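Atoms within each ligand, like the ligands themselves, are counted from 1 in listed order. Since the structure is predicted, the reported quantities are computational estimates derived from the model, not experimental observations. Hydrogens, waters and symmetry mates are skipped; everything else that's a heavy atom, side chains included, is used.
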Amino acid sequence: MELKPTTKLRGTVTIPGDKSISHRAVMFGALANGLTEIHGFLQGADCLATIDCFAQMGISIENNQDTVLVHGKGLRGLRRPSSALDTKNSGTTTRLISGILAGQPFETTLSGDASLNTRPMGRIITPLSMMGADITSLSGNGCAPLRIRPADLHGISYSSNIASAQVKSAILLAGLYADSETSVTEPELSRDHTERLLRAFGAELTSTKTDDGAVSMIRPCNELFGQKIFVPGDISSAAYFIAAGLLVPHSEIVIKNVGINPTRAGILSVCEAMGANITYLSKTNDGGEPTADLLIRTSELHGTVIEGSQIPTLIDEIPMIAVMAAFAEGTTVIRDAQELKVKESDRIAVVTEGLKRMGADIQPTDDGMIIHGGKPLHGAEINSYLDHRIAMSFAVAGTICDGTLTIKDGDCVKISYPEFYEDLYSLGK
Ligand code: S3P
């Protein structure tokens, strides 16, 4: 993919559906009785992998592009797939589905692509095993492929040392099948879409804040009920247009239908701390998730510090924030973000490599990066390492830097935003 600088961005862009919510809507719909109607489903490769996994387990799913119909068969309605489930590049599919499969009366094997099969699964194997699950890393190194055999599950109180919605969700989903209540305590509240949506499907679930952290508790469940779901636009996808609108001179753009759940909206506070001019238009709270249209105007940005409880609220946006920081005046420090090393790529190393190639002053640290912004940045050849968020973050850099920027394997954006380049192009025309 080749990008050239643009003089201004103007117009309106509608953001595709939230990836986290799209996955969950299909999963919970499959486990519910009756029809689940999903509007605004994200047709990204990761979410399609989730559809395929449940189709392989006997769930009829009609994918009519914007609307997906899931004909759920109840908590005990899945059937044994005839071969291993392929979770492709999707960590969310792999980890969440493991919690569901731990409670099924049949054996399954889960495996993904080369990148997925190097990502840590010990973080779900440990708590699920504590619940009694029979789950094994077949490679023996704590990664997928995973084999999951039938077992009786019991409730646990699990204290997680990372704020991870995937870990929390895997445990809560296994908790649906346990013999007593299950709780997960995490140091900071990670995205709470599982809690909001499972409650809407009829699960008994409570969320509280204690001195030890955020606690989510679920009771074993007999039945979930099909729902009509309107998936808000993904703030992680909006992040690229927020950054582009702020950085490209003479820009004024409206980003429609952005989910602004507080457990996801850290990028907005960070942009504001950097001096951004963002206006919230028509806020709504339909369907259990807050959304807004955002008006973004070119702004003079300066450095900031991003750390602690902010990190889980913007973890997927850090590559974009790092690129923004390189164009901003002054120093930006990102810390407490070790999790970046185990995403679709090692995002500390890969962001550092790309920004250095463009002439930026950036130092990687053990848990983040330090960026001295404001140096003139030039085009370069950027390796996406097949990581969609790296490709999109550097595509934005390519609309501002001097000269041409090329992205290797730029089509990996199909994981979460298949029309990304077309949408970016349409604002620059
Ligand atoms: C996700 C949770 C986050 C995030 C990922 C999607 C989810 O991962 O990075 O893109 O949908 O639950 P972790 O739970 O590993 O932090």
Worksheet item: Which protein non-hydrogen atom lies closest to atom 8 (O) of ligand 1, naming both residue and atom, and how far is it?
Response: K343 NZ, 3.2 Å
Worksheet item: Is there a nitrogen or oxygen of S164 sitting under 3.5 Å from a nitrogen or oxygen of ligand 1?
Response: yes
Discussion item. Using every non-hydrogen atom in the two residues, find where S216 and K168 come nearest and quote the distance to one decimal.
Written reply: OG-CD, 3.8 Å
Practice prompt. Check whether more than 12 heavy atoms from other residues, nucleotides or ligands sit under 6.0 Å from atom CD of E381, and answer yes or no.
Written response: no
Worksheet item: Got an N/O contact under 3.5 Å between L96 and ligand 1?
Response: no
Discussion item. For K209, I'd like to know if atom NZ has over 12 heavy atoms of other residues, nucleotides or ligands within 6.0 Å.
Written reply: yes
Worksheet item: Among protein heavy atoms, which lies nearest atom 12 (O) of ligand 1, and at what distance?
Response: R24 NH2, 2.7 Å
Discussion item. Quick test: of every protein heavy atom, which one is nearest to atom 11 (O) of ligand 1, and how far off is it to 0.1 Å?
Written reply: S20 OG, 2.7 Å
Worksheet item: What residue and atom, counting heavy atoms only, is the protein's closest point to atom 1 (C) of ligand 1, and at what distance?
Response: Q166 NE2, 3.5 Å
Fill in: From NZ (K88) to CG (D52), nearest 0.5 Å
5.0 Å
Worksheet item: Checking side chain to side chain donor-acceptor pair (under 3.5 Å) for the pair S236/R264: CA distance, chi angles, key distance, verdict?
Response: CA-CA 8 Å; S236 299; R264 296 286 301 283; 2.9 Å; yes
Practice prompt. Pull out every atom of ligand 1 sitting under 4.0 Å from any heavy atom of A165, numbered as shown with elements.
Written response: 12 (O), 14 (O)
Practice prompt. Could you tell me whether D316 and R191 have a side-chain N and a carboxylate O separated by less than 4.0 Å?
Written response: yes
Practice prompt. Answer yes or no: is there an ion pair linking R119 with D113, defined by an N-O contact shorter than 4.0 Å?
Written response: no
Worksheet item: Does H193 approach ligand 1 within less than 4.0 angstrom via side chain, backbone, both or neither, non-hydrogen atoms only?
Response: neither
Worksheet, complete the sentence: The closest protein heavy-atom partner of atom 10 (O) of ligand 1 is D316 OD2, 2.8 Å
